[in-house]
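Working notes, structure below.
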Amino acid sequence: MKKLKISWISLLIIAALVVFLISGCGKEGEPEEISSDAEVEATEFLGTKLTPIKDQLNNALSGTKILNRDTYILTVDGLVNNPLALTYDELLEYPQESWLMNLNCVEGWSFTAKWTGPQLNSILEDAGVQPEAKIAIFYTVDVPEEGYTSLKLDYIRDNNILLAFKLNDITLPNDRGFPFQVVAKEKFGYKWAKWVTRIELSSNENYKGFWEKAGYNNNADDDGPPFEETSQ
Ligand SMILES: Nc1nc2c(c(=O)[nH]1)N[C@H]1C(S)=C(S)[C@@H](COP(=O)(O)O)O[C@H]1N2
Ligand SMILES: [Mo]
């Protein structure tokens, strides 16, 4: 009688185990994704030690902006033949490049990082920039109306400026400008626009962005004067 009771219990345990295993350990549908595509931060690039993201300083005139990857659209308009509205995934379809670059803030700090993303030139080519266009104005979530900053088209073209979707191989964090940061090579940090939603091609060479209106040099070469030289 006692023996029978034990086997009933073992039978129940086995049955429960079978049900548990068949049901896929309580999970339904797709098998669990293997973490092979988990991002690993690069510590070195082209023989140079990179500043870890946690040690990179951060600047934002009105706090971190959070953009939604699924609804994000980059508008490219103004003096173009073919205005664009590109999703995050469409932007990532452009061929990507990686650069080793220093970001130098006028506040006196700087860091070295690996920046990866498409060349702005490829996107501008698709937009068909008109010959009268001289500058690209970057509209951002924090300065949506007037535009945050601008770069000369010649500078963008000659330097193959990148839009960095990755920083040290990690998807750009929100506080660093997700979905991308403009890698304004050899320009002060204030030209490295974050949270960009619109790029307008314009012929207005007198345009000034947020910091530039406040007196920062519109040229912004990071080995030059941070402030606009006031003549007289
Ligand atoms: N939209 C936007 N982009 C911005 C800023 C900002 O306030 N708003 N700050 C700039 C400044 S002053 C610097 S130094 C760099 C800093 O980049 P990081 O925060 O990714 O280090 O971002 C630049 N891009
Ligand atoms: Mo800065």
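Every value quoted in this text rests on a predicted model; they were computed, and no experiment measured them. Counting convention: from 1, in listed order, for ligands and their atoms alike.
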With backbone taken as N, CA, C and O and side chain as the heavy atoms from C-beta onward, which portion of W109 lies under 4.0 Å from ligand 1: side chain, backbone, both, or neither? side chain

For atom 21 (O) of ligand 1, grab the closest protein heavy atom and report residue, atom and distance to one decimal in Å. L57 O, 2.8 Å

At what distance is the nearest protein heavy atom to atom 24 (N) of ligand 1, and which residue and atom is it? W192 O, 2.9 Å

Would N59 count as being in polar contact with ligand 1, using the rule that some N or O on each side must be under 3.5 angstrom apart? yes

Are K213 and E228 within salt-bridge range, i.e. N to O under 4.0 Å? no

Nearest non-hydrogen atom to atom 15 (C) of ligand 1 belongs to which of S110, A184, G189? G189

Contact partition for Q181 relative to ligand 1, non-hydrogen atoms under 4.0 Å: side chain

Starting from the C-alpha separation in whole Å, work towards a yes-or-no answer on salt bridge (Lys or Arg N to Asp or Glu O under 4.0 Å) for K194 and D175. CA-CA 9 Å; K194 308 194 282 189; D175 59 350; over 6 Å; no

Does any pair with a residue in residues 120-138 pass salt bridge (Lys or Arg N to Asp or Glu O under 4.0 Å), and if so which ones, sequence neighbours excluded? none

One residue to check: L103. Relative to ligand 1, which of side chain, backbone, both or neither has a non-hydrogen atom less than 4.0 Å away? side chain

Of all the heavy atoms in F111, does at least one lie under 4.0 Å from an atom in ligand 1? yes

Please list, in number order, the atoms of ligand 1 under 4.0 Å from a heavy atom of L61. 6 (C), 7 (O)

Taking 4.0 angstrom as the limit, do K114 and E44 come out as a salt bridge? no

Determine, using heavy atoms of R176 and all atoms of ligand 1, whether some pair is separated by less than 4.0 Å. yes

Distance under 6.0 Å and angle within 45° of ring axis: K185 vs W99: yes

Closer than 4.0 angstrom, basic N to acidic O: yes or no for K166 and E39? yes

Is there at least one pair of N or O atoms, one from W195 and one from ligand 1, spaced under 3.5 Å apart? no

Closest by any non-hydrogen atom to atom 5 (C) of ligand 1: pick that one out of Y148, Y190, F188. Y148

Students often mix this up, so state it plainly: with edges at 30° and 60°, are the rings of Y216 and Y190 parallel, tilted or perpendicular? tilted

Closest approach of any protein heavy atom to atom 3 (N) of ligand 1, naming residue and atom: K194 N, 3.0 Å

Heavy-atom contacts under 4.0 Å between D142 and ligand 1: side chain, backbone, both, or neither? side chain

Do Y94 and Q119 have side-chain N/O donor and acceptor atoms under 3.5 Å apart? no

Checking D55 now: which residues fulfil salt bridge (Lys or Arg N to Asp or Glu O under 4.0 Å) with it, not counting sequence neighbours? none

Under a 4.0 angstrom heavy-atom cut-off, which atoms of ligand 1 come close to N58? 19 (O), 21 (O)

Under 3.5 Å side-chain donor-acceptor pair for W195 and Y148: no

Check whether the side chains of N218 and K191 place a donor and an acceptor atom closer than 3.5 Å, and report yes or no. yes

Using a heavy-atom cut-off of under 4.0 Å, does the side chain or the backbone of T140 touch ligand 1, or both, or neither? side chain

Any heavy atom of A60 closer to ligand 1 than 4.0 angstrom? yes

